[in-house]
Amino acid sequence: MKNRDEQKTLAKSYEFDNVEEKWLQRWTDSGSFRATMEEGKPSFSVVIPPPNVTGVLHVGHALNNTMQDVLVRYHRMCGDNTLWVPGTDHAGIATQNVVERQLATEGKTRHDLGREAFIERVWDWRKEKGGTIVNQLKRMGASCDWERERFTMDEGLSRSVREVFVRLYKEGLIYKGDYIVNWCPRCHTALADDEVEHEDKKGKLYHIRYPFADGSGDVVVATTRPETMLGDTGVAVHPDDDRYSHLADVGIKLPLTDRTIPVVFDHHVQKDFGTGALKVTPAHDRDDYEIGLRHSLPIMKVMDEHGVMNDKAGKYAGLDRFDCRKKVVEDLESQGFLVEIEDYDHAVGQCYRCATVVEPTTSLQWFVSVRPLADKAVEAVRDGRINIYPKTWYNTFYSWMDNIRDWCISRQIWWGHRIPAWTCKDCGELMVESVDPDACSKCGSSNIEQETDVLDTWFSSALWPFSTMGWPENTKELQIFYPTSVLITSFDILFFWVARMMMMGLHFMDEVPFKDVYLHALVRDKHGKKMSKSTGNVIDPLVIMSQYGTDAMRFTLTAFAAQGREIKLDEERIEGYRFFINKLWNAARFAMMHVEECDASITDVVNSPEKLPLIHQWILSRTAKTITDVRRALDEYRFNDAASVIYQFVWHEFCDWYLEWIKADLFSKDETLRDQARGVLLYVLETILKLIHPITPFVTEEIWSVLPGDRPLLVTSEYPVAEDWQNENVENQVELLMGVITGIRNIRAEADVHPSAKIDAFILCADMEKTELIQVFVSAISSMTRLESLTVATEGEKPSDAATYIYQDLEIYVPLKGLVDVEKEREKLERERNKIEKSLKQINGKLGNKKFLANAPPEIVEKEKGKQAELEAKLGKVAEAERRLAEIG
RNA sequence: AGGCGCGUAACUCAGCGGGAGAGUGUCACCUUGACAUGGUGGAAGUCGGCGGUUCGAAACCGCCCGCGCCUACCA
């Protein structure tokens, strides 16, 4: 695998540029990301949330795909049949808008081209620009099976869409009807409820006087949209509202028109809002529409699809809806109907694609009856076939599903899956077929016409988990990889997408589309603000990757991905994690100095750890623990925990302690000691590389490639399995030695002893076992604390004129030959004593409390007693040191 | 209006019933045979407030104060 000429000394610091490019190429060339489908292996599959084909990688994508890639790489290394399906979404309105804008620069509209030519133009655009986001995902190292890339408009997926539509129609779950929908006057299309975004806006509330037809009085109504009054077909009041009970037979003379409209009684009206009277415009308001239905009020549309007033608006015809509003208000005022204008903040619905104010309007649309589908989805979540992480989303999910309305799936645009429905122009028969018909199925006429509407983009993405695997064919992929293992996506498309996948998957596959759903937070700036171009606080992952390297970005995102919290991303943190990558790099560089010429089999020494010196047993114990913790964290989607466990282990255990500790052995003339050190060192380094590879694939693969021996690529190596090496006794012993070392270093630092100055130290400890242990490690301790000599005894003369440090029941003394700053030393001891006394007081309080002794579990009581004894011993030592200090002073 | 979430060291956050933690920053000292993108040591917190449950609360419950987000048919 490795060529001789590739072997090189590792550079002094990690330079990612060439490394990243190189490995992207090799992973691809070696087919490492290709899904395997071997018999008898567990399978792990993920489908990517398909980014819009118009998309450009933003930090949300970066987070989402890092998380997926971490899991996918982890499971691939675990030996599972692993599939990650990549692809993009045709993004109906968004893509059409992009191409329309392009046409606009040529002074054309899509109507100039006509439907077919326009669609061709969109395909051209896609061929040219549609690969952008895919290439950016590749650059991140996303280990998708790129040969299986799908597009929601490609042939296979379009077939699935058509099949689903036809089946749902034949089952009676798709219907066509004239209903009120959200209409975008700019996009000229209907929008689903969740495609409308609500934003609080400052508006006005207009109070208008509606006189009775018989001139006997009037009623005042309030509205934020006075122009819609032209379409009013009634006034509604609450049936129990005494103020209006006499109006049953009185008509209303609608101002500015010559129409008379009835008063109806409806429970929907809030008695205490305004005057308790509501104007009813069934054609332009969802609630009014429903009131209208209940009372058989006529539906009168006064606007066209551009949001311009139509003939029904009388003299206002031709005015834009907002101009009309002004004019209507003027006229009402001049004719004395306007009572009052009040400032009023309220939520205004806007198109999620173009932010145009949405106009609720009745029109002929296609709908899915979602209730039966939604019930199945809810059931699957309730009985645990689908788990949602973090748990907090269950409530939101259920309440949304309980209130779900039929889904409007038709869109009056051109780019998308055209609805497979034909109408016979002769007999009016409606045909919905999976194969294009050429004649009417009823009268045989060939004078038939296909529906011009296309389907909501989310209709095709709802099928994504099975359509990408070849449905409706029963493919091997479906057998092995469906249901997928986990869906990782942002919470904001829980309903747009996740819920609909559940419905479609359960309905057509009779099985959930994924077993787990992990909903991650949105990435915000370091102050918690939404990133936006206008605020200028956008963190661009492409810039980050160039500046800090892809691994640093991936590690940062992984470390930030705690469940259920918004992610505040701070560029400084990315820099910090880049230092970590460099730290790992240098640790490897150091290791290479010692193992470069060795045979890879030197790691065999770990097979009998009990024969190894203590420090190696210690690092192997810690390694086993780390493997266990990382695996568990990844299995439970605790990405941040996985990252921090690794960070802590690599930096603070492997580098800070282990590498420093074994230097002596590595340079030793004793071959056994040296080879043991080399072997364990190489083993632990290999394990670390494997452990972190899913998070930081590039740097680990690079280091791996220069390690001794012929080795397959890291990306397809086996993920570490924890051996039975955890050893509490070993860890306690090393902990004690570390305490001693820290104590001596502390004395040196506090006493301002120059780091290179060699000094003597004494340790007194009554515990035989401990003193013996320390005896064995005198040389290691001395070299790590730069001692001239270290004397250990169970009892003996306490050196005078010495700085002191108390650790457990040990007294550590460093004689300073008149250099002891008595005052400083006294303060230090006092601080120490205060600290001990404080905790001791707490513990004594507990142990003196009968209720505590009676109620607390015995092991807790024991633990507290142990702590008490330890603290008392330590307090004794401190007191003694203080006494001696007083003698000197 | 309802729902959800968050307030822990200067900053960003972890911990979510048994001795207050990490990273960054900060201070002091240090180019010791991988790393100054480094090492060693230190300082730093009434865990938003008030009550309650408990032998024991940063954690559980209630209320309050601040801050986000989502949903909603008060026109």
Side-chain angles (χ1 to χ4, degrees), chain A residues 10 12-14 198 205-206 221-225 228 236 268-274 276-281 285-288 290-291 344 346-347 390 392-393 395-396 399-400 403 491-492 494-495 521-522 524 526-530 559-560 562 564-570 572-573 575-594 640-641 644 647-648 651-652 655-656 659-660 663 666-667 741-742 745-750 752-756 783-786 839 842-843 845-846 849-857 859-861 863-864 867 871:
Chain A
L10 296 175
K12 194 170 176 185
S13 59
Y14 174 56
H198 294 270
L205 188 61
Y206 303 85
V221 299
T223 180
T224 54
R225 300 190 304 149
T228 62
H268 166 80
V269 180
Q270 310 284 317
K271 283 194 282 188
D272 51 357
F273 186 90
L278 169 68
K279 63 189 269 311
V280 184
T281 324
D285 184 281
R286 186 187 294 274
D287 301 318
D288 291 7
E290 278 161 18
I291 294 173
Y344 189 71
H346 63 126
T392 155
W393 287 102
N395 280 340
T396 316
S399 75
W400 193 80
N403 299 315
F491 69 80
D492 54 342
L494 176 58
F495 306 121
L522 297 173
R524 297 166 174 283
K526 64 173 165 179
H527 304 297
K529 288 207 180 101
K530 213 167 192 168
F560 271 76
R565 200 186 244 276
E566 65 182 17
I567 296 171
K568 290 189 211 167
L569 191 58
D570 183 350
E572 273 181 37
R573 293 291 297 270
E575 193 181 15
Y577 287 118
R578 175 179 155 220
F579 296 162
F580 171 69
I581 307 278
N582 190 57
K583 184 77 180 173
L584 172 65
W585 178 261
N586 274 290
R589 204 156 79 94
F590 172 75
M592 280 300 285
M593 288 168 44
H594 298 281
N640 57 320
D641 286 343
S644 72
Y647 186 98
Q648 173 68 24
W651 202 314
H652 300 304
C655 291
D656 287 353
L659 291 185
E660 294 306 323
K663 275 180 180 170
L666 287 170
F667 289 106
I741 291 166
T742 304
R745 284 172 175 169
N746 174 284
I747 292 173
R748 297 189 61 123
E750 296 276 301
D752 283 337
V753 176
H754 194 273
S756 59
S783 78
M784 277 182 277
T785 52
R786 304 223 140 201
S839 358
Q842 212 175 17
I843 290 174
K846 272 192 193 179
N849 184 340
K850 281 179 199 143
K851 285 182 181 167
F852 172 75
L853 296 174
N855 293 316
E859 65 269 23
I860 295 294
V861 177
K863 208 172 143 194
E864 293 294 318
K867 277 190 268 179
L871 284 170

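All figures in this text were calculated on a predicted structure; none of them were measured in a lab. Proteins get letters first, then strands, A, B, ... in listed order; numbering begins at 1 in each.
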- With heavy atoms under 4.0 Å as the rule, sort A/L871 into base, sugar-phosphate or nothing. base
- Contact class for A/T224 vs. all strands (heavy atom < 4.0 Å): base, sugar-phosphate, or nothing? sugar-phosphate
- One should read off an interatomic distance between A/D285 CG and A/K279 NZ, to the nearest 0.5 angstrom, of 8.0 Å
- Convert the base pairs of RNA chain B into dot-bracket notation, remembering that pairs crossing earlier ones are written with [ ] and that bases paired across to another strand are shown as |; include only Watson-Crick or G-U pairs under 3.5 Å. ((((((((.[[[[.)..(..]]]].(((((.......))))).....[[[[[..)....]]]]])))))))....
- Query: In terms of the angle between their ring planes, are A/Y14 and A/W585 parallel, tilted or perpendicular, with boundaries placed at 30° and 60°?
  - Reply: tilted
- Tell me: NZ of A/K568 to C1' of B/C69, nearest whole Å? 13 Å
- Determine the Euclidean distance between corresponding P atoms of B/U32 and B/G49; express it in Å to zero decimal places. 47 Å
- What is the distance, rounded to the nearest whole Å, between atom CG of A/N640 and atom C1' of B/G23? 13 Å
- Where A/T224 and A/Y344 come nearest, the two heavy atoms and their spacing: CG2-CD2, 3.8 Å
- When you compare B/C70 with B/G62, how far apart are their P atoms, in angstrom units rounded to a whole number? 25 Å
- Query: Contact class for A/H594 (heavy atom, under 4.0 Å): base, sugar-phosphate, or nothing?
  - Reply: nothing
- Hey, can you tell me if A/Y577 and A/Y647 have their rings parallel, tilted or perpendicular (30° and 60° cut-offs)? perpendicular
- Message: Expressed as a whole number of angstroms, how long is the span from A/F560:CZ to B/U12:P?
- Response: 11 Å
- Task: Assign A/A856 to base, sugar-phosphate, or nothing according to its heavy-atom contacts below 4.0 angstrom with the strands shown.
- Result: base
- Item | Separation of A/H652 NE2 from A/K583 NZ (nearest 0.5 Å) | 9.0 Å
- Query: Between B/A10 atom P and A/E572 atom CD, what is the distance in whole Å?
  - Reply: 16 Å
- Item | Value in whole Å for how far the P atom of B/C69 lies from CZ of A/F491 | 10 Å
- Message: Nearest to the A/E750 side chain among B/G18, B/G41, B/A75, which nucleotide is it?
- Response: B/G41
Produce the list of close N/O pairs, under 3.5 Å, pairing protein atoms with atoms of nucleotides 5-7 of chain B; give distances to one decimal.
from, atom 1, to, atom 2, distance (Å)
B/C6, O3', A/R565, NH2, 3.1
B/G7, OP1, A/R565, NH2, 3.0

- Go through B/A75, B/C13, B/G23 for me and flag the one nearest to the A/V269 side chain. B/A75
- Query: Looking at the side chain of A/L278, which of B/G19, B/C55, B/A75 is the nearest nucleotide?
  - Reply: B/A75
- To the nearest 0.5 Å, how far apart are CG in A/N586 and CZ in A/F579? 12.5 Å
- Task: Measure the spacing between CG of A/L569 and CG of A/L522 and express it to the nearest 0.5 Å.
- Result: 13.0 Å
- Item | Full working for side-chain contact (heavy atoms from CB on, under 4.5 Å) between A/L278 and A/D287 | CA-CA 11 Å; A/L278 169 68; A/D287 301 318; over 6 Å; no
- Message: I'd like to know whether A/F491 forms a side-chain contact (heavy atoms from CB on, under 4.5 Å) with A/T392, so could you lay out the CA-CA distance, the side-chain angles of the two residues, the decisive distance to 0.1 Å, and finally the verdict.
- Response: CA-CA 11 Å; A/F491 69 80; A/T392 155; over 6 Å; no
- Query: Taking atom C1' of B/C69 as reference, at what distance in whole Å does atom CG of A/N395 sit?
  - Reply: 15 Å
- Does the side chain of A/K279 get closer than 4.0 angstrom to OP1 or OP2 of B/A75 through an N or O atom? no
- Is there a side-chain contact (heavy atoms from CB on, under 4.5 Å) between A/K12 and A/R589 once you walk through the steps? CA-CA 8 Å; A/K12 194 170 176 185; A/R589 204 156 79 94; 3.4 Å; yes
- Query: Looking at CD1 of A/I741 and OG1 of A/T785, how far apart are the two atoms once the value is rounded to the nearest 0.5 Å?
  - Reply: 6.5 Å
- Please lay out, stage by stage, how A/F560 and A/K568 fare under the test side-chain contact (heavy atoms from CB on, under 4.5 Å). CA-CA 8 Å; A/F560 271 76; A/K568 290 189 211 167; 5.5 Å; no
- Can you name the nearest heavy-atom pair linking A/L659 to A/A587, along with the distance? CD1-CB, 4.0 Å
- Query: Quantified in whole Å, what is the P atom distance between nucleotide B/G51 and nucleotide B/U12?
  - Reply: 29 Å
- Item | Contact state string [nucleotides 28-40 of chain B, B base, S sugar-phosphate only, - no protein heavy atom under 4.0 Å] | -SS-B-BBSBSSS
- Message: Taking the C1' atom in each of B/C60 and B/C55, what is the distance between them to the nearest angstrom?
- Response: 16 Å
- Spatial distance of atom CD (A/Q842) from atom CG (A/L871) [nearest 0.5 Å]: 10.0 Å
- B/A34 versus B/U40 - spacing of their P atoms, nearest Å: 14 Å
- Provide, to the nearest angstrom, the distance between the CD atom belonging to A/E864 and the C1' atom belonging to B/G18. 7 Å
- Item | Whole angstrom value for the distance that separates P of B/A14 from CG of A/D641 | 10 Å
- B/A59 and B/C16: how far apart are their P atoms, nearest whole angstrom? 13 Å
- Query: Counting just side-chain N and O atoms, does A/H268 come under 4.0 Å of either OP1 or OP2 of B/A75?
  - Reply: no
- Between B/G25 and B/G45, how far is it from one C1' atom to the other, in whole Å? 16 Å
- B/C6 to B/G41 separation - C1' atoms, rounded to the nearest Å: 36 Å
- Let me know, please, whether A/N849 or A/I860 comes out on the 5' side of the other along RNA chain B by nearest nucleotide. A/I860
